[in-house]
Structure formats: structure tokens, C-alpha cells
Amino acid sequence: MSERYNPHTIEKKWQDRWEATGLYRSKVDWSKPKHYALTMLPYPSGDLHIGHWFAMTPSDARARFMRMRGYNVLFPMGFDAFGLPAEQAAIQRGIHPWRWTYANIERMRGQLRTMGAMFDWEREAISCTPQYYKWTEWFFKKFYEGGLAYRGEALVNWSDALQTVLANEQVIDGKDERLGQPVIQKLMTQWFFRITRYADELLDFSLLDWPEPVRIMQTNWIGRSEGARVTFRTQDGQPLEIFTTRPDTLWGATFMVLAPEHPLVAHLTSPEQAEAVRAYQEATARTTEIERLSEDREKTGVWTGGYAINPVNGERIPVWIADYVMISYGTGAIMAVPAHDERDFAFARKYGLEVRVVIQPQDAEPLDSATMREAYVGPGRMVNSGAFDSNLSNGEKGRKNPAISAVIDHLVREGLGQEAVTYRLRDWLISRQRYWGSPIPVVYDAEGNVHLVPDEELPVELPEDVEFVTGPSPLKTHEPFYNAGNGLRRETDTMDTFMCSSWYWYRYLSPKLDTAPFDPEEAAYWLPVDTYTGGAEHATMHLLYARFFNKAMRDLGMFDEAAKIAAAHGRDVETMFDEPMLQLRNQGQVLGAERVGDFVLCEGYFEGEKLFAQRVEVIDPTEAPSHFGGVMGEIMKRVEKTLFVGPELRLVEVLDDAEIIIPRVEGAANVNQLLHHLDIQRMSKSKGNVVNPDQLVATYGTDAVRAHLMFAFDWQKGGPWDETNVVGVVRWLNDMWDILLTTDFPAQGNPQAERNLERALHQTIDRVTRSLESFSFNTAVAALMALRNELKTAVRANQISHAAFREAASAVLRLMAPITPHIAEELWQRLGWPYSVHAQEWPAYDADKAKEDMVELVIMVNGKPRDKQLVPVDIQQADAEALALASEAVQKVLQGAQPARVVFIPGRKGQEPKVNVVT
RNA sequence: GGGGAAGUGGCGAAAUUGGCAGACGCGCAUGACUUAGGAUCAUGUCUUUUACGAGGUGAGGGUUCGAGUCCCUCCUUCCCCA
């Protein structure tokens, strides 16, 4: 053990060697199965932070693992480089977005390399380059030609003061974040993608291995509801269409509510109500959608003075406007059935409108419209509904509800309405009134007609010589850009950055290709993405857009050529291009830490500066006495019984028999229940709690940081950053280094010790394999650490032969390779095996070798373990039960009585057999 | 407001998905070695009890031979969206 493990000397060496030998070049090879591993690409914000490491290095470990298992793996990386921060930097610091972005990318690329990940840099794609956004524009054109892009009106956050449209995150409490001036909701003509056309197909997850929560969130996001469209009429016969999921309650509609923006409002408003209606409409324009949809908020509204006719019973009912009805949802109008809808009920009670029960529950007190205190939404029989009385409304939705079904048939027959489905999902608004995004390749003539920019003129490039000032996008005022000649005006809005990130994994296939967005030969082999990893915050928007994009591309024939090639190679192309990513896994977030510590009064005696406390009381800091003889303040840190109190960190040692009073803890409290100050929150520069990975790498080395990130958290959950644990990982690597470089072995090993090591090794192979398969990186590292303990003991005791050692070392290094690639490579070389450990096969698991000979039979009484007996691993039920009944502990409990039941649980894989004696 | 996730030692966490709760690591304690220790080694470490034992996975209830895991009610925290 002459030489100590020094990560810095070996890590750079191997990174260079891997690069030079092209170890990570991924090339199409039809003789091998492929695995496309994708991890979400970063936004080039300037510095790689620990969150990127947390997302990417475990994904890298898994990609490496898949490669060692015989897959040809593609694991690319790039940058999602358009977006607001670059433009803000331009405005605030006068740096052009190009320069800011490229400098950041340059820096982050270097940082990414220190991860030691197997990224294939030849496939790098950067979304803000003309080479990339040429194709983003091209996709827009194809979608337009395919009828998937259109111009429409939408409400935007408009700041009069800034003369610009703001993103939601730029609006705080209805005011803009820069000047604090009011922001209003304004209708503007913008570009949309018809994602709603795919609503039903997007609800089908049958091809996807995606986390249940993501599927649920997408399902809710799409929000399919079945019901009917029903045409009411204004008093003078104008049709007024509504959508309802409850046509069975039509007879209970006692008024109607329109969105304040509804076009018929002006028509319906009586002269007496005109002023009130106008005032209400103005107030609504100042209200954000979030506020309008909040159910906590008191419902408000104004009567228009007009009436409508309910088509099923000819009744005349008043028409109101209220901001809880949205113009963009459904038809912007509802029939109000206060007896059977919560919001309508609250509204009716507030304004004294009629409530009429039309569904009576069967097994409960009949409802009385005069006294009911909340809407009834459950099942029951229809009443007050003419010919439909006594029809059963069973609480189901749509056609599964016989009452709804019957009423829909009636509406269709009478020409009053039709069956309909609506979605909460709205079309994707892609227009952004910003500079730093992909241009929309469209020009308008004098009449406002849309003309696509011809393919040979793509990309429409962003002009560089513009000035960045607060306010409207510079494209709007930059004549050389907006003036397209021949009286044509260029579109000055740019595309949502989600657009760029909706197809980047296709660009990775052939990032330099100039004739198409991707090479069909590459696509035929690599697509679809097999494993996609990234943050759970993208569950709805990004991942829904990604799926939509893929389906639209499929339907526009963009995969036809790839499909042909794939089929020629014998691949099943039936569903190959239906979904972009087959498997999805989300990692959690690494957080900074924050928590207020307990504020304590500590009394006792001083020895020097240190207080030995006999009494510690937690109090409310606002009730702190002005003078206090002991130590008082917030616990900033606690190590077992030692407290560090207040900003001066005064030392308090809590005595064993000290009295501890914690109001939140009933009865006697324990020193361990005292909370110390902890900061847990998202890392952000302003909070100064950002962990710098460069610093960590400089201190501990890449392998240790990788292993620590994998070991210290449940990857899918994340948690507050804590560096204290890194030393455990460092010790593990140091130990492996020392153990594997041992040179002193006995001529003959101890057979028993060698068998034990072999068993431990194969159990570890099994555990690591299953852990990596299931993204449980922490248990993979734990298993390897446990094996370290075994190896260390065996080698120290000088009990295993050189041959047995080498067999174990070879497997161990291959198991470590995905997690800590550099040390594994270095030791692999030092032990004399040929380059590279990463090109080796994953160790084969042998269940026979992993098998224990003897195990402990757990003997339980009523489910509580009482006794243990060493038995052969394959013990049979009769023997186990006999052993259990004969056990002293069981005899003692039974007292000679017969057990009521004896349950034998055979020793399944990795588990001891058990017998449960039931008394 | 809507949607989602999670509550297990002093801390990060495991638990093969209904079968010995706390693997693995940090920290801590005691001891060894050392000029020194933020190195290394050994032992211990859920709570309570001298012990035998008893109890224990946010709280309360339920299902089961058996519940951290399944069901119901409640509490708390975090995340996302609009």
C-alpha cells in the first residue's frame, strides 16, 4: 500500500483517454440491441449546480450499466438555450443574448465534462443556433400546412406601463415585477398549436412505462368531460349555447351565467343594468385567471337585465354575468343548477336566486330547496323534470348514467342539443412577444393574410444589431427585421421555448445534418427514446408537448422513411413512432436547508464559557425575558447533548438529568427532541445556499461526488443537501483502493472463507443489478459498501488465495464502473486487465453461488418474533412447524394448549423461512 | 384554488412491495494506536427496563395468522400548475 488513492491524478487522465479513444462515440450498429438514454438538457444559466449533477450522474450510471449489459447506448447532451433570462441579462447588463448564452454554454460544457459522464459530445445540440432553430421553424411550417397551427385570440398579461406582454412568472399579485404597475388581461391575436386534436390519444398511456403520478397529472390536465351541448335562446330567439356534464339536471336550471367577455352580453343587457355590467366587465379585466378560478373566493356577478328560455321546459330564466365563468372554457356560458352544483348554489344563495331540486336521493332525507345548505351532487331519481321524472341518475358520468343518456337522446331527437365532449386542455399558445426565441417563419401582407416563408429562406434569423431596453421586444421596432419587402410585414413574435425542447432528442440523432431535422437512418435505429430522466416539474407541460409533437410528426409522415428502414432491419414498426419516450423516471430535487431552531432558556452552572444546563425550556422568542442569567437564544446547531445557542454560538452542555420542557411535546421531553436551526429550501443565488459542484470535485474528486449523490438520497425523492456524509463515500473509495491493491496472499486459501466471499459477491451482483435496474442508486452503493466490509475482513485475515481474490476483484470493479468510472478504470488497469473496464460485460449472477446453506428459521407467536433456529435453507413445512412447536419460547406461551393455527412462510428469495404460531 | 408526492432513530436512509423495522452510511460513545488527530482500528448505538421483558414507522380507527406497506378519518410538510 505504497500509494494512496488520489482522485485528481487519475480522473483527468481517464477523461482524456476516454475522449481520445472515442469510448463514448455512439454509432448505429444493427448487430446489437440499442438503448437510447436521454436526460433533460439544461438551460445555460451560467453555472452547473448540484441539481444538474443529481439529475445527470445517476442517469449516466444507468446508461453505463445498460452498455455493460450488451446494449449499444446513446446518451447525448445539449442546451435548451432560448429564454427570458438571456434577454433580461441583455437589458440589465447590456450583454447581447448571444454572447451571454454562448459564454455560459462554454463554461457549462467544461463543467459537464468534469462529471465523467459518457455523453457523446459529437451529438451536442444547442437550440438557439440557426442550425437548430431552422428546423424549429420548419416544424412550425409543417404544422401549419398540416392544419395544426392557427391564429386565434387569447388573453395575455398586458402591462400598459411597459407596453409589453408579460410571462406569468413576471406578474406578481397582479403587478409587473419590474415597476410594480398594474397588469391587465387583454385579448390578442396569437399563434396556437392544435394539441386538443390529440386529447383523446394523449389520454392513452398503454405503451408507456411512466410514473403513475405523471399519468394522473396528464389525465387531469387534459380533463376530458362528457356531456351535452344544449342550445338555450335569448328572449328574442338568439341561440345561446352551453355545455353541461349534467344534462339530467336541465330542469333545475334557474338562471344562466355568461363569462363577462361573452359576445352576447351587450345584446342581453338592459339599459338599467348597463352601467353595472360595464363596471363589472372592467373589474374582471383586472383580475387574473388564478383569482377567478379560486373556489375560496366569494362569487360575484351582475344581472344583465336579460332573460333566456330553457329549451326543455320553455321557462324564462334570468341571465347573469360572473367572473367564475371563463370565456376560454367550453362555450363561455353555463346553465346554473344551484341545487346540484356547488358554485351555482353559492351564487344563488348570495343573490337570492331560485333553487330547484331535480334529483332526489333515494336513501336519505328528501331535499328541500328552501332549507338545503349545500348543493347535492350525488345519485338519485329525477323529479320536477316532466316526462323524465323517476329516471335514475346513478352518479356516473356520461353515457354510463342512464338519466344523462336518456336526456341526451331526447335533446338530439328534439334538435335542442347534441352529445359532446370537452376538455380542460386548451390549444398550445406558442406566441411570445420576446426577442430571444425561435422566429415564427411567417409574413403578413397588407390585408393581414398569412404567408409562409419559403423553405430555402429558412431560417429566419434573429437580427444581431438590436438594442435591448425594458419594454416591447426589439423585433417590433427593428425595421430591417419586420420589413420583409414587397409590402410584407414579418411576424415579430417568437416561439415558446417549449417548442425548442419538444423535438431535441431527434436533433441529437444528427445535429449537423443540413437537409432535414434528423437522419432517418439514425432514427430507424435509435428511436424511440428508451429511458428519459428528469425533473417531475415537467410532468404536464413539457412531457405533454413532447408527446403531441411526436404524434403530429408521425401523422405528417415525418417518420415514414425511418419506418421503412427499420422494417427492412426486421424491427416491428407498428407502434414504434406512437410515443417519444417509452420509460420515464423523475428524480427529486436537491434542496438547500432551512428551519428555525427552538428558542431556549438554559439554566445551570458555568465552567468558563460553557454552561452545564440543568434546565432547558423552549419558549416563544417574542416572550423572551430582557435579562436572563443563563444562556438564551435560538439553537443554531446541536450535536447530541451539546447545543450551540444564538448567533454567538454559546456552548451549552445539557446534563443527563436536566429538566427539558418543550411545549409541543407532551410530558417529559428528551434532549434529542430539541430542534436546531436548519435551512431547507430551493437553492438560489439570492439565498446564497447554492452548492458549487466544482468546489466539491476539487475537494473530493468526481467519483466521490457521483457516489455521494447516488448514495445520500432516494433519487426519486431528493432532499436537503448535506455534505457531512461525503466522508463515508470517500472512506469506501479509499478502502477499495487499498484492498484491491493488496499484493500479499497465502498460497492456499481457506475454503470456507473463499466460499463466504463468493456467496457475498454473488448476492452483491444481484443487489446491484436490481438496484440499478430500478433506479435505486442508493441501495446499489450500499450493497457495494457491504461487500467492501466482507472483502476487507477476508483480505486482512489473509484467508483467500490470489486466484479467488482476482475473481472477486474483477467482478467488483465491473460493478463499480457505472457509479465511479475513474477509480474502477484505474484499478482495472493496475490489476493488469486490458482497457477498458467500461467495455466489459456486466458480471453474471449465479443464484447457486449466492445461496446460503443454513438460515435462521424465525419462530413467531401471533406475528411477534420469539425464537430463532438454525436450519437448512430448504427446510420443509412439516419440519419447520415441528421445530417451532417444540421451541421453548413457544411452549412457554402455549402452556400445553393447542395453537389455533400454524402458518408457515417458506424462505423465498433472500428471505428466511418463518413460522407463525397463532394462539 | 386545483393537482401531485411524502411523513420511519440524533441525521441521510433501507425494508425484495403484506412476512425479524432501522440494511448501508454519517454522527455520537467507549477503548486502542499516535508527538498530534477532523487519520486509522475495535466495540457499541430505536425507546424503556438492573435484568427477564415490554413498546415502537405523524395521530386515531379498521382489514389480516401477520401492517411501515392495504382501507377510512384527521394532522403536518414539500412540489407543480393555472
Side-chain angles (χ1 to χ4, degrees), chain A residues 4 168-169 211-221 223 288-297 324 326 328 343 424 426 535-541 586 588-589 591 593 595 638-642 670-676 678 680-682 707-708 711-714 716-732 734-735 738 766-767 770-771 774 776 778-789 792 796 856-868 899-919:
Chain A
R4 307 266 321 151
N168 279 322
E169 62 268 24
E212 177 81 21
V214 175
R215 302 201 310 260
I216 291 171
M217 278 192 264
Q218 294 206 345
T219 303
N220 291 334
W221 185 264
T288 64
E289 193 170 339
I290 306 157
E291 291 167 340
R292 287 176 65 169
L293 286 172
S294 157
E295 281 181 18
D296 266 2
R297 190 161 154 266
Y324 74 91
M326 306 307 244
S328 50
R343 290 189 302 182
R424 201 185 81 99
R426 300 187 214 165
E537 66 275 18
H538 294 110
T540 45
M541 307 186 79
N586 297 125
Q589 260 194 337
L591 302 165
R595 181 181 70 201
R638 176 171 69 79
V639 179
E640 299 281 314
K641 285 174 281 187
T642 308
N670 181 305
V671 65
N672 291 329
Q673 291 167 307
L674 290 167
L675 299 178
H676 69 271
L678 201 66
I680 299 179
Q681 51 186 227
R682 288 183 78 150
H708 172 66
F711 181 61
F713 304 88
D714 171 351
Q716 318 216 18
K717 198 164 120 196
W721 172 255
D722 182 0
E723 205 170 311
T724 56
N725 257 330
V726 188
V727 298
V729 165
V730 171
R731 278 178 203 155
W732 169 54
N734 277 321
D735 280 355
D738 293 344
D766 186 39
R767 286 181 65 193
R770 283 189 294 126
S771 293
S774 62
S776 306
N778 52 352
T779 52
V781 178
L784 286 166
M785 285 180 172
L787 182 64
R788 172 263 318 258
N789 296 340
K792 197 172 176 176
R796 287 257 170 82
E856 278 191 331
L857 174 73
V858 179
I859 298 165
M860 301 189 287
V861 177
N862 294 330
K864 294 260 181 252
R866 293 291 168 214
D867 200 3
K868 284 166 192 181
R901 194 173 160 189
V902 179
V903 182
F904 175 68
I905 304 114
R908 292 198 300 267
K909 192 174 157 81
Q911 251 168 228
E912 288 74 15
K914 298 173 191 73
V915 175
N916 191 13
V917 179
V918 185
T919 58

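Within every chain, numbering begins at 1; the chains are lettered A, B, ... in the order of the sequence lines, protein sequences first and strands thereafter.
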Undergrad: From B:G25, B:G3, B:A15, pick the nucleotide closest to the side chain of A:N725?
TA: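 Selected nucleotide (nearest to the side chain): B:G25.
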Undergrad: Could you measure between the two P atoms, the one in B:A21 and the one in B:G68, and give it in whole Å?
TA: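 Between the two P atoms, the distance is 8 Å.
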Undergrad: Identify which nucleotide among B:C20, B:C81, B:C24 has an atom closest to any side-chain atom of A:W221, counting heavy atoms from C-beta outward.
TA: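 In terms of side-chain proximity for A:W221, the closest of B:C20, B:C81, B:C24 is B:C81.
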Undergrad: Starting at the 5' end of RNA chain B, which residue's closest nucleotide do you reach first, A:N862 or A:G728?
TA: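 By nearest-heavy-atom nucleotide position, the 5'-most residue is A:G728.
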Undergrad: Should B:G56 form a Watson-Crick or G-U wobble pair with both distances under 3.5 Å, which nucleotide is its partner?
TA: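 Here B:G56 is not engaged in any pair, so there is no nucleotide opposite it.
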Undergrad: Please report the distance, rounded to the nearest Å, between CE in A:M860 and P in B:G18.
TA: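 Result: 16 Å.
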Undergrad: Could you report the tightest heavy-atom contact between A:N862 and A:N916, atom names first, then the distance?
TA: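 Heavy atoms only, the tightest pair is N-OD1, 3.2 Å.
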Undergrad: In whole angstrom, what separates A:H708's NE2 from B:C24's P?
TA: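 Taking NE2 of A:H708 and P of B:C24, I get 19 Å after rounding.
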Undergrad: For nucleotides B:G9 and B:G56, find the distance between their C1' atoms and express it as a whole number of Å.
TA: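 It works out to 11 Å between them.
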Undergrad: Looking only at heavy atoms, what is the nearest atom pair of A:S774 and A:Q716, with distance?
TA: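 Smallest heavy-atom distance, with atoms named: O-NE2, 3.8 Å.
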Undergrad: Write down the partner of B:G38 under the Watson-Crick or G-U wobble criteria, each distance required to be under 3.5 Å.
TA: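 Across all strands, not a single nucleotide pairs with B:G38.
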Undergrad: Mind checking A:R215 for me? I need base, sugar-phosphate or nothing, with any heavy atom below 4.0 Å counting as a touch.
TA: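 Result for A:R215 = nothing.
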Undergrad: Mind checking who B:A5 pairs with, Watson-Crick or G-U wobble, both distances under 3.5 Å?
TA: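 Checking every strand shown, B:A5 finds its partner in B:U77, with both distances under 3.5 Å.
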Undergrad: State whether A:R424 places a side-chain N or O below 4.0 Å from either non-bridging phosphate oxygen (OP1 or OP2) of B:A82.
TA: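 No, A:R424 has no side-chain N/O under 4.0 Å of OP1/OP2 on B:A82.
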Undergrad: Report which part of the nucleic acid A:N220 touches: base, sugar-phosphate, or nothing (heavy-atom distance under 4.0 Å, all strands).
TA: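 Sugar-phosphate, backbone atoms only, no base.
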Undergrad: Got a second to check how far A:R731's CZ is from A:M785's CE, nearest 0.5 Å?
TA: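 So the CZ of A:R731 and the CE of A:M785 are separated by 10.0 Å.
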Undergrad: Please measure how far the P atom in B:A14 lies from the corresponding atom in B:G7, and state the result in whole Å.
TA: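 To the nearest whole Å, 9 Å.
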Undergrad: Using atom P of each nucleotide, how far apart are B:G61 and B:C11 to the nearest Å?
TA: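 About 26 Å, rounded to a whole number of Å.
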Undergrad: Using whole Å, what does the distance between atom P of nucleotide B:G27 and atom CZ of A:F711 come to?
TA: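 Atom-to-atom, A:F711 to B:G27, this comes out as 12 Å.
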Undergrad: Over how many whole Å does the gap from A:L787 atom CG to B:G25 atom C1' extend?
TA: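 The answer, rounded to whole Å, is 16 Å.
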Undergrad: What's the base orientation of B:U17: syn (chi within 90° of 0) or anti?
TA: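 Syn for B:U17; the angle stays within 90° of 0.
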Undergrad: Closest to the A:K792 side chain: B:G4, B:C41, B:C81?
TA: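 Selected nucleotide: B:C41.
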Undergrad: Determine the interatomic distance between C1' on B:U77 and the same-named atom on B:U45; round to the nearest Å.
TA: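 It works out to 29 Å between them.
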Undergrad: Is A:R343 close enough to B:G1 that one of its side-chain N or O atoms is under 4.0 Å from OP1 or OP2 there?
TA: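 Checking B:G1 against A:R343, no side-chain N or O comes under 4.0 Å of OP1 or OP2.
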Undergrad: Where does B:G61 fall, syn or anti, if syn means a chi angle no more than 90° from 0?
TA: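 You should classify B:G61 as anti.
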Undergrad: Whole Å only: how far is the CZ atom of A:R767 from the C1' atom of B:G25?
TA: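 The answer, rounded to whole Å, is 13 Å.
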Undergrad: Can you tell me the pairing partner of B:U17 across any strand shown, Watson-Crick or G-U wobble, with both distances under 3.5 angstrom?
TA: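 Pairing partner, where one exists within any strand: none, as none qualifies.
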Undergrad: Measuring from the side chain of A:V727 (C-beta onward, heavy atoms only), which nucleotide among B:C26, B:C41, B:G25 has the closest atom?
TA: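 That would be B:C26.
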Undergrad: Counting only side-chain heavy atoms from C-beta out, which of B:G3, B:C65, B:C24 sits nearest to A:N789?
TA: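 So the side chain of A:N789 is nearest to B:C24.
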Undergrad: Strictly by Watson-Crick or wobble contacts shorter than 3.5 Å, is anything paired with B:U50, and which nucleotide is it?
TA: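 When the pairing criteria are applied, nothing turns out to pair with B:U50, so the answer is none.
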Undergrad: Between B:A6, B:A39, B:G4, which one does the side chain of A:K717 approach most closely?
TA: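 Nearest to the side chain of A:K717 among the choices is B:A6.
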Undergrad: Measure CZ/A:R770 against C1'/B:A14 and give the value in whole Å, please.
TA: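 Distance, rounded to whole Å: 13 Å.
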Undergrad: Within the 4.0 Å heavy-atom criterion, would you say A:G718 contacts the bases, only the backbone, or no part of the nucleic acid?
TA: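 It contacts sugar-phosphate atoms only.
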Undergrad: The side chain of A:V903 is closest to which nucleotide in this list: B:C81, B:C41, B:C65?
TA: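 From the listed options, B:C65 comes nearest.
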Undergrad: Let's test this: given Watson-Crick or G-U wobble pairing with both distances under 3.5 Å, identify the partner of B:G27.
TA: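 Paired with B:U45.
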Undergrad: Look at the side chain of A:A786 and decide which nucleotide, out of B:C41, B:C24, B:G25, has an atom nearest to it.
TA: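 Closest nucleotide among those given: B:C24.
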Undergrad: Hey, which of these two, A:V918 or A:V781, hits RNA chain B nearer its 5' end, going by closest nucleotide?
TA: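 Counting from the 5' end, the first nearest nucleotide belongs to A:V781.
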Undergrad: How far, in whole Å, is B:U69 from B:G62 if one measures between their P atoms?
TA: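 Here B:G62 and B:U69 have their P atoms 14 Å from each other.
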Undergrad: Taking pairing as Watson-Crick or G-U wobble with both contacts under 3.5 Å, can you name the mate of B:A82, or confirm there isn't one?
TA: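 Result: none.
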Undergrad: What is the distance, rounded to the nearest whole Å, between atom CG of A:N778 and atom P of B:U8?
TA: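 Atom CG in A:N778 sits about 16 Å away from atom P in B:U8.
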Undergrad: Give the rounded distance in Å between these two atoms: CG of A:D714 and P of B:A6.
TA: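 Between P of B:A6 and CG of A:D714: 10 Å.
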